[in-house]
Amino acid sequence: FVFRQNVAWKRCKACYALYTYMEYSFGNLFAASIYDKNTKTHKYGVLNILNKEVVPFNETYSDVKFENGLILYRVGGFWGAFTLYGKLICEPKYSHIKPLTEHLIKVGIDYSIGWNSSSETYWGLINIDGEELLTIDRYNAKYTICDRLFNRFIEYYDDGGRIGYMDVTGCEILKPI
């Protein structure tokens, strides 16, 4: 394990042998995995530098990672998110999750198309409170949200592949040209 700060190493030295995996993040947080010998499963969670659980260890989590100031976790094939303080943002119900900022999260759900098991992803936006700003609507999808944010405006592609910009409520600021 590699820790960037001596303080983190000294604080976690006692628990070093308990964890099978630890990933350091900014803000003195660690994503960690504990192997339970009885159930032969890994439990993932997040600890702070004082060895207190920010996100409780859970055997249903199959992955925990940090991205853009958020804690992302996966249960089965679906992603959910916590704040760095352990507040739940959303349950794991999204096939894709991409924090654009600390307060704005791009989410996507894959839907199967036809008999050959191919899928198409439909996108939406949620805020830090888990409220849907742009609802995922597979039957009325008009755009694909990009991963870029410009001065609080979201770049998107319409069905013709043209670029436009909208605000976080979905109101078009610059229609695709």
Side-chain angles (χ1 to χ4, degrees), residues 23-32 44-48 52-58 60-177:
E23 175 189 337
Y24 175 73
S25 172
F26 57 92
N28 294 323
L29 295 176
F30 300 87
Y44 290 89
V46 177
L47 302 166
N48 67 16
K52 294 196 178 179
E53 292 182 6
V54 176
V55 174
F57 283 82
N58 191 320
T60 61
Y61 300 165
S62 57
D63 194 8
V64 175
K65 65 182 182 176
F66 302 102
E67 195 171 324
N68 277 358
L70 297 175
I71 301 167
L72 306 179
Y73 71 105
R74 185 170 54 195
V75 175
F78 298 98
W79 289 94
F82 288 96
T83 66
L84 292 178
Y85 301 105
K87 178 185 168 229
L88 181 68
I89 296 171
C90 64
E91 295 289 339
K93 60 181 182 179
Y94 301 108
S95 308
H96 307 276
I97 192 164
K98 172 78 175 152
L100 299 176
T101 68
E102 290 180 9
H103 303 287
L104 191 62
I105 306 162
K106 175 182 169 181
V107 292
I109 297 177
D110 292 338
Y111 289 98
S112 296
I113 301 170
W115 57 271
N116 63 356
S117 299
S118 64
S119 66
E120 192 167 331
T121 304
Y122 294 89
W123 298 99
L125 288 174
I126 62 173
N127 65 15
I128 196 80
D129 296 320
E131 299 167 343
E132 289 186 346
L133 301 175
L134 294 175
T135 305
I136 297 172
D137 185 357
R138 90 180 247 205
Y139 299 107
N140 194 19
K142 298 177 188 165
Y143 46 78
T144 300
I145 301 167
C146 299
D147 292 342
R148 294 183 285 201
L149 200 63
F150 297 100
N151 294 328
R152 304 201 41 88
F153 297 118
I154 302 157
E155 184 177 274
Y156 71 96
Y157 295 107
D158 69 1
D159 358 2
R162 298 171 301 187
I163 296 176
Y165 294 89
M166 67 176 87
D167 65 13
V168 294
T169 65
C171 180
E172 287 184 307
I173 302 302
L174 179 62
K175 294 186 184 264
I177 303 171

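For the single chain, residues carry numbers from 1 onward in sequence order.
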Exercise for review: Find out whether E172 and Y156 are in side-chain contact, i.e. whether some heavy atom of one side chain is under 4.5 Å from a heavy atom of the other.
Suggested key: yes

Practice item. Could you check if a side-chain atom of K98 sits within less than 4.5 angstrom of a side-chain atom of E67, using non-hydrogen atoms only? Key: yes

Review point. Is the shortest heavy-atom distance from the side chain of I126 to the side chain of Y94 under 4.5 Å?
Key: yes

Check your understanding: Which heavy-atom pair separates V54 from L47 by the least distance, and what is that distance?
Key -> CG2-C, 4.2 Å

Review point. So, do N28 and N48 sit near enough that their side-chain heavy atoms are less than 4.5 Å apart?
Key: no

Review point. Taking only residues two or more places apart in sequence, or in another chain, which ones meet K52 in a side chain to side chain donor-acceptor pair (under 3.5 Å)?
Key: none

Point to revise | Pi-cation contact, W79 with K65 (under 6.0 Å, within 45°) | key: yes

Check your understanding: Is any side-chain heavy atom of D110 less than 4.5 Å from a side-chain heavy atom of Y122?
Key -> no

Check your understanding: Tell me the salt bridge (Lys or Arg N to Asp or Glu O under 4.0 Å) pairs involving residues 74-87, sequence neighbours left out?
Key -> D63-R74, K87-D129

Practice item. Identify, with sequence neighbours excluded, every residue that meets side chain to side chain donor-acceptor pair (under 3.5 Å) alongside Y165. Key: E155

**Study point:** Nearest-0.5 Å distance that lies between atom SG in C90 and atom CD in E132
**Key:** 10.0 Å

Review point. SG/C146 to CG/L100 distance, rounded to the nearest 0.5 angstrom?
Key: 10.0 Å

Study note, to complete from the structure: In terms of heavy-atom contacts, T121 and G108 come closest through CG2-CA, 4.1 Å

Point to revise | Of L104, I89, V107, L72, the residue whose pairing with P99 passes side chain to side chain contact (heavy atoms under 4.5 Å, CB included) | key: L72

Check your understanding: Taking all non-hydrogen atoms of both residues, which atom of S62 and which atom of G76 are closest, and how far apart?
Key -> OG-O, 3.7 Å

Review point. Does some side-chain heavy atom of Y61 sit less than 4.5 Å from a side-chain heavy atom of V64?
Key: yes

Practice item. Please report the closest heavy-atom contact between T101 and L70, naming both atoms and the distance. Key: O-CD1, 4.4 Å

Study note, to complete from the structure: Between I145 and K106, the two heavy atoms sitting closest are O-NZ, 2.6 Å

Check your understanding: Does Y111 OH have over 12 foreign heavy atoms under 6.0 Å away?
Key -> yes

Review point. Does any non-hydrogen side-chain atom of F66 lie less than 4.5 Å from one of V46?
Key: yes

Review point. Of the non-hydrogen atoms in D158 and P176, which two are nearest, and what is the gap between them?
Key: OD2-CB, 3.5 Å

**Study point:** Positive for side chain to side chain contact (heavy atoms under 4.5 Å, CB included) with L125, one of I154, I136, I105
**Key:** I154

Check your understanding: Please walk me through it: do Y73 and F82 pass ring pair (Phe, Tyr, Trp, His ring centres under 6.0 Å)?
Key -> CA-CA 8 Å; Y73 71 105; F82 288 96; 4.9 Å; yes

Study note, to complete from the structure: Here the gap from I173 atom CD1 to M166 atom CE, rounded to the nearest 0.5 Å, amounts to 9.5 Å

